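To keep things clear, I will list the structure first and then write my remarks on it.
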Amino acid sequence: MTVEDITEIKATQTALEELAMRDSLTHIYNRRHFIELASQELARSARFNRPVTLLIIDIDHFKAISDTCGHLAGDAVLRDIALRIKANLRQSDILARYGGEEFILMMPETDQTQAWSGAERLRQVIAATPFDSDSAPLSVTASVGLSCWPATPDANATTSLPHINDLISKADLALYRAKHSGRNQIHAEAWFYSVGQIA
């Protein structure tokens with residue numbers, strides 16, 4: 001086997017590994033890889049006593065877009081939204097397609113107040129510019145559920161580390177409230193306490 005053959009095999013393996021981590025439509029991380037990365041980040045945050053926030057972003061009335069304009073238009077909207085979100089993130093943030101019209105985002109070293117500002121910026125970025133379609137520009141909005149695992153004020157205090165699914169569950173509850181309060185808004189739930197919508 002020549003050096004060229006080995007190089008080609010390694011390149012193929014690397015490409016396959018990358019494909020296994022990515023969502024085929026949006027090319028951001030897929031759900032499985034997000035869980036791996038986010039779990040590592042959550043453990044790191046706990047070890048260094050740093051806050052971490054998780055967001056679930058759900059596209060409002062997405063089924064109506066697909067039903068009215070077709071699935072290709074729906075796919076294009078999802079790709080564009082992924083690009084808009086990604087363009088407004090820090091390098092340390094972890095973004096993935098969670099499933100269907102939902103995106104999930106972990107923001108390391110970010111407390112609830114900071115994350116709220118970031119989530120509001122993303123909400124506005126999605127809503128600000130209509131998306132292209134064959135028929136007419138599509139106005140799209142998103143609802144956001146946010147959950148924060150805060151660092152303890154006392155560095156010597158012991159706080160039990162939640163599982164990543166606990167943060168996801170709390171963000172999902174906050175998202176449910178956002179959807180049922182009129183959509184196109186953000187709701188948050190912290191780890192130790194709950195807060196309603198922040199003006």
Side-chain angles (χ1 to χ4, degrees), residues 14-59 78 81-123 125-126 142-178 186-195 198:
T14 301
L16 288 172
E17 288 169 4
E18 182 69 14
L19 282 172
M21 296 187 299
R22 301 281 174 180
D23 172 61
S24 59
L25 177 65
T26 60
H27 305 297
I28 58 177
Y29 289 134
N30 58 30
R31 179 177 183 157
R32 181 186 59 79
H33 192 58
F34 174 86
I35 297 296
E36 292 175 9
L37 293 177
S39 297
Q40 294 168 10
E41 184 54 49
L42 184 56
R44 190 195 69 81
S45 296
R47 188 164 63 249
F48 294 105
N49 197 37
R50 303 296 299 161
V52 62
T53 300
L54 186 140
L55 277 64
I56 299 179
I57 304 165
D58 185 276
I59 309 310
L78 289 174
I81 286 175
L83 287 171
R84 290 187 191 188
I85 294 173
K86 196 172 179 182
N88 285 274
L89 299 182
R90 304 166 303 177
Q91 192 171 359
S92 59
D93 295 332
I94 305 168
L95 174 67
R97 185 177 177 199
Y98 193 55
E101 67 273 19
E102 286 188 339
F103 297 87
I104 192 165
L105 170 65
M106 176 165 270
M107 304 175 77
E109 309 235 354
T110 307
D111 64 26
Q112 183 170 285
T113 302
Q114 295 165 328
W116 189 279
S117 297
E120 177 60 18
R121 183 175 66 251
L122 295 178
R123 188 194 65 75
V125 160
I126 292 168
S143 300
V144 183
L146 183 155
S147 68
C148 178
W149 186 79
T152 58
D154 180 0
N156 296 317
T158 56
T159 306
S160 59
L161 175 68
H163 190 276
I164 186 61
N165 288 343
D166 298 326
L167 250 72
I168 292 172
S169 178
K170 285 191 172 289
D172 215 27
L173 285 172
L175 176 63
Y176 178 86
R177 293 201 307 273
I186 306 162
H187 276 253
E189 179 140 344
W191 182 243
F192 295 117
Y193 54 90
S194 175
V195 297
I198 300 175

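Because the structure is predicted, anything quoted here is derived from the model rather than measured.
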So CG of Asp23 and CG of Asn30: to nearest 0.5 Å the spacing works out to 7.0 Å
Would you give the length of the straight line joining atom NE2 of His27 to atom NZ of Lys86, rounded to the nearest 0.5 angstrom? 10.0 Å
Donor-acceptor contact present, side-chain Thr53 to main-chain Met107, <3.5 Å: no
Measure the spacing between CG of Leu146 and CG of Leu105 and express it to the nearest 0.5 Å. 9.5 Å
Work out which heavy atom in Met106 is nearest to a heavy atom in Ile164; give both atom names and the distance. CE-CD1, 3.6 Å
Please identify each residue that fulfils side-chain contact (heavy atoms from CB on, under 4.5 Å) with Gln114, with sequence neighbours left out. Thr110, Asp111
Tell me whether Glu41 is salt-bridged to Arg50, with the criterion being a basic N under 4.0 Å from an acidic carboxylate O. no
For Ala188 and Arg177, which heavy atoms make the closest approach, and how far apart are they? O-NH2, 2.9 Å
Verdict with supporting geometry, Ile104 and Tyr29, side chain to side chain contact (heavy atoms under 4.5 Å, CB included): CA-CA 10 Å; Ile104 192 165; Tyr29 289 134; over 6 Å; no
For a quick test of reading the model, state the closest non-hydrogen atom pair linking Asp172 to Glu102 and the distance between them. OD1-OE2, 4.4 Å
Less than 4.5 Å apart, any side-chain heavy atom of Ile126 and any of Ile57? yes
When rounded to the nearest 0.5 angstrom, what is the spacing between CZ in Arg84 and CG in Asn88? 10.0 Å
Enter the distance from His163:NE2 to Ser39:OG here, rounded to the nearest 0.5 Å. 5.5 Å
Test item: Ile186 and Glu120 side chains (from C-beta on) under 4.5 Å apart, heavy atoms: yes
Residue pair Leu54 / Leu42, side-chain heavy-atom distance below 4.5 Å: no
Please report the closest heavy-atom contact between Phe34 and Ala96, naming both atoms and the distance. CB-CB, 3.5 Å
Testing the basics here: between Ile168 and Tyr98, what is the closest heavy-atom pair and its distance to 0.1 Å? CG2-OH, 3.3 Å
For His187 and Ala174, the nearest pair of non-hydrogen atoms, with its separation, is CB-O, 3.3 Å
Using only atom types and a distance under 3.5 Å, with no angle test, would you say the side chain of Arg32 pairs donor to acceptor with the backbone of Ala20? yes
Do Arg22 and His33 make a side-chain contact, defined as non-hydrogen atoms from C-beta onward lying under 4.5 Å apart? no
As an exercise, state the distance from CD1 of Ile28 to CG of Leu95, rounded to the nearest 0.5 Å. 4.0 Å
I'd like to know if the side chain of Arg97 reaches the main chain of Ala82, judged simply by a donor and an acceptor atom lying under 3.5 Å from each other, with no hydrogens or angles considered. no
